Amino acid sequence: MSAPIISLESLTNTTSSGQLLTTAKSGGCASSSCGLSSRPTDMDSATWEKIKDHPCFSEEAHHYFARMHVAVAPGCNIQCNYCNRKYDCANESRPGVVSEKLTPDQALRKVIGVANEVPQLSVLGIAGPGDACYDWKKTRATFERVAREIPDIKLCISTNGLALPEHVDELAELNISHVTITINMVDPAVGEKIYPWIFYRHRRYTGIGAAKILHERQMLGLEMLSERGILTKINSVMIPGVNDQHLIEVNKCVKERGAFLHNVMPLISDPAHGTRFGLTGQRGPNALELKALQDRLEGGAKLMRHCRQCRADAVGLLGTDRGQEFTLDQIPLELGYNGGKRHAYREVVAHIRDDHLAAKNQAIATLASMSVRGSLQVAVATKGGGRINEHFGHAKEFQVYEASQTGIKFVGHRKIEPYCRGGWGEEGTLGGIIAALDGIDIVLCAKIGDCPKQQLMEAGIRATEAFGYDYIETAISALYAAEYGIDLSQATA
Ligand code: CLF
Ligand code: SF4
């Protein structure tokens, strides 16, 4: 596949919307596939309309679209053993962590500031830092203000579910189209090990009674959302030895109640975070354990595997948080919304997505036509747009794909410390990167130096820049064919 005719990087760095449109129109479409719908064949068009630009609800959309969170809801009505909202670190990326709490008016100013500058922005989410349904007045006021100013932004909310049932009708009335409920158990005996207490109807509950109430409210809230056609995603924190095996039952229960997606995330646990699990030495799963559980869940509720466990004030494409560029002190006090960049970007992306889909389908057809049984684990350095367009040394994460005759599947990501600091490779970080790439056969990137390439090779991991700027799937299918000694012209004949 040739280099991109329209570079998304040039679009997202271009400052004037006029320039963006000119780029789009003069670039034209890169293939004759222009106009194809990128809707998956197993999805109805109404559902596709809801998710096609939501980076969390569609893996494909996360290559193109960004979310932002506004931290307007600090209050919480339960305690999870993996949460400590007092801890704040700008470099820390995990739910509940935030640098700046906002009022609804400040949140509106911030959303406008981001929408004017980040053309990929498609979703506004409220994910704490406490619980958005418990701290409801501020959540509601924020959504109302933003929807008035930017009517085409999708509204999304994340909740522990305890206060959810009493707000479902208002969620529907406010046109909040996507809701996430964190459900870590459907058995209160398991819940008791995760939640020391809840605060419900002016009373504090502890022990198994607390977990039982929480479970009942979560199930009721999910059923009410499904009845109203609001798309739901279930987040579950995988806690080895506590609920890892139990999540199979959770997946079954939420599927029966209409959940659209199930997102199993690894527990993040460190004594420095001051959480109960961190202090008691409860470990999180490693990447291979997480993948093994996700693989066991295939066939149940559809899985989300591209979650980045965002901060409550995250901004940007998943995996590239730009929150520090948009702190309140950097946003003018008086600010009007200008949708020029967002609209121009959407117009261009519609064409690019069609081209990407055609390339992806071609790659999958190529794999299907091969009569080999092997599989490959491929780690990709990307800045978005579905292309291999990041240098090895700049990557903060690798996206991991599994290739087999049945297709090319996104199976997760591996976070790393970037190898390059100030233009030089850091030998000290390479060991960590190699450890993070456990189980990976090949790394694909836009550029890599001889030194890290050699050291990766010594650790049994090959790395190549030979497919730089290609579509990810196109490169992987060519790689797979080369790996198994297949002549592609024969395979696709
Ligand atoms: Fe935010 Fe969550 Fe909405 Fe996305 S995040 S409220 S659904 S807009 Fe997304 Fe972040 Fe994972 Fe959440 S990657 S933590 S799943
Ligand atoms: Fe923390 Fe969220 Fe749990 Fe509340 S529901 S304790 S904010 S993780």
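The analysis underlying the following values was restricted to heavy atoms, covering all of them including side chains, and did not include hydrogens, waters or symmetry mates. Order of listing sets the numbers, starting from 1, for every ligand and every atom in it. Because the structure is predicted, anything quoted here is derived from the model rather than measured.
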**Message:** Would Arg203 pass as a cation-pi partner of Phe199, given that its NZ or CZ must be under 6.0 Å from the six-membered ring centre and within 45 degrees of the axis?
**Reply:** no
**Asked** Near Arg308, which atoms of ligand 1 are under 4.0 Å from a heavy atom of that residue?
**Response** 11 (Fe), 13 (S)
**Request:** Go through the steps to decide whether Arg305 and Glu402 satisfy the test salt bridge (charged side-chain N to carboxylate O under 4.0 Å, His left out), and finish with yes or no.
**Result:** CA-CA 12 Å; Arg305 295 193 190 226; Glu402 185 173 78; over 6 Å; no
**Request:** List the steps, then state whether salt bridge (charged side-chain N to carboxylate O under 4.0 Å, His left out) holds for Glu59 with Lys409.
**Result:** CA-CA 10 Å; Glu59 189 273 311; Lys409 200 166 70 176; over 6 Å; no
**Prompt:** Below 2.8 Å, any N, O or S contact between Cys80 and atom 1 (Fe) of ligand 2?
**Reply:** no
**Asked** Against heavy atoms of Pro129, which atoms of ligand 2 measure under 4.0 Å?
**Response** 7 (S)
**Fill in**
Atoms of ligand 1 under 4.0 Å from any heavy atom of Val123, numbered from 1 in the order shown, are 8 (S)
**Message:** Run the salt bridge (charged side-chain N to carboxylate O under 4.0 Å, His left out) test on Arg109 and Asp105 for me, step by step, so that the C-alpha distance in whole Å, both residues' side-chain angles and the decisive distance to 0.1 Å come before the verdict.
**Reply:** CA-CA 6 Å; Arg109 183 152 69 87; Asp105 284 328; over 6 Å; no
**Element-labelled atoms of ligand 2 that are located less than 4.0 Å from some non-hydrogen atom of Cys76** = 4 (Fe), 5 (S), 6 (S), 7 (S)
**Request:** Determine whether more than 12 heavy atoms belonging to other residues, nucleotides or ligands lie under 6.0 Å from atom CZ of Arg276.
**Result:** no
**Request:** May I ask you to list the atoms of ligand 1 that are less than 4.0 angstrom from any heavy atom of Leu318?
**Result:** 13 (S)
**Asked** In this structure, are over 12 heavy atoms from other groups packed under 6.0 Å from Lys396 atom NZ?
**Response** no
**Message:** Out of all atoms in ligand 1, which are within 4.0 Å of some heavy atom of Cys156? Include the element for each.
**Reply:** 3 (Fe), 6 (S), 7 (S), 8 (S)
**Nearest-option assignment for atom 5 (S) of ligand 2, heavy atoms, candidates Asn77, Asp131, Asn160** = Asn160
**Request:** Classify the ring geometry between Trp136 and His167 as parallel (under 30°), tilted (30 to 60°) or perpendicular (over 60°).
**Result:** parallel
**Request:** Decide whether the shortest distance between a heavy atom of Ile78 and an atom of ligand 2 is less than 4.0 Å.
**Result:** yes
**Prompt:** Contact between Met304 and ligand 1, counting heavy atoms under 4.0 Å?
**Reply:** yes
**Asked** With a cut-off of 6.0 Å (strictly less than), are more than 12 heavy atoms of other residues, nucleotides or ligands near CZ of Arg228?
**Response** yes
**Prompt:** Just by distance, with hydrogens left out, do Asn235 and Thr180 show a side-chain donor and acceptor under 3.5 Å apart?
**Reply:** no
**Item:** Tyr82 neighbourhood, listing ligand 2 atoms whose heavy-atom distance to it stays under 4.0 Å
**Value:** 8 (S)
**Proximity of His63 and Tyr471 rings by center, below 6.0 Å** = no
**Fill in**
Here the atoms of ligand 1 under 4.0 Å from any heavy atom belonging to Cys307 are 11 (Fe), 13 (S), 14 (S), 15 (S)
**Request:** May I ask you to check whether His178 and Phe57 place their ring centers less than 6.0 Å from one another?
**Result:** yes
**Item:** Residue portion contacting ligand 1 (non-hydrogen atoms closer than 4.0 Å) for His69
**Value:** side chain
**Request:** Check ligand 2 against Gly130 and write out every atom of the ligand that is under 4.0 Å from a heavy-atom position of the residue.
**Result:** 7 (S)
**Prompt:** For ligand 1, which atoms sit closer than 4.0 Å to a heavy atom of Thr180?
**Reply:** 7 (S)
**Request:** Give the atoms of ligand 1, by number and element, whose distance to some non-hydrogen atom of Lys233 is under 4.0 Å.
**Result:** 7 (S), 15 (S)
**Prompt:** At a 4.0 Å cut-off, with the gap strictly under it, does some heavy atom of His178 reach an atom of ligand 1?
**Reply:** no
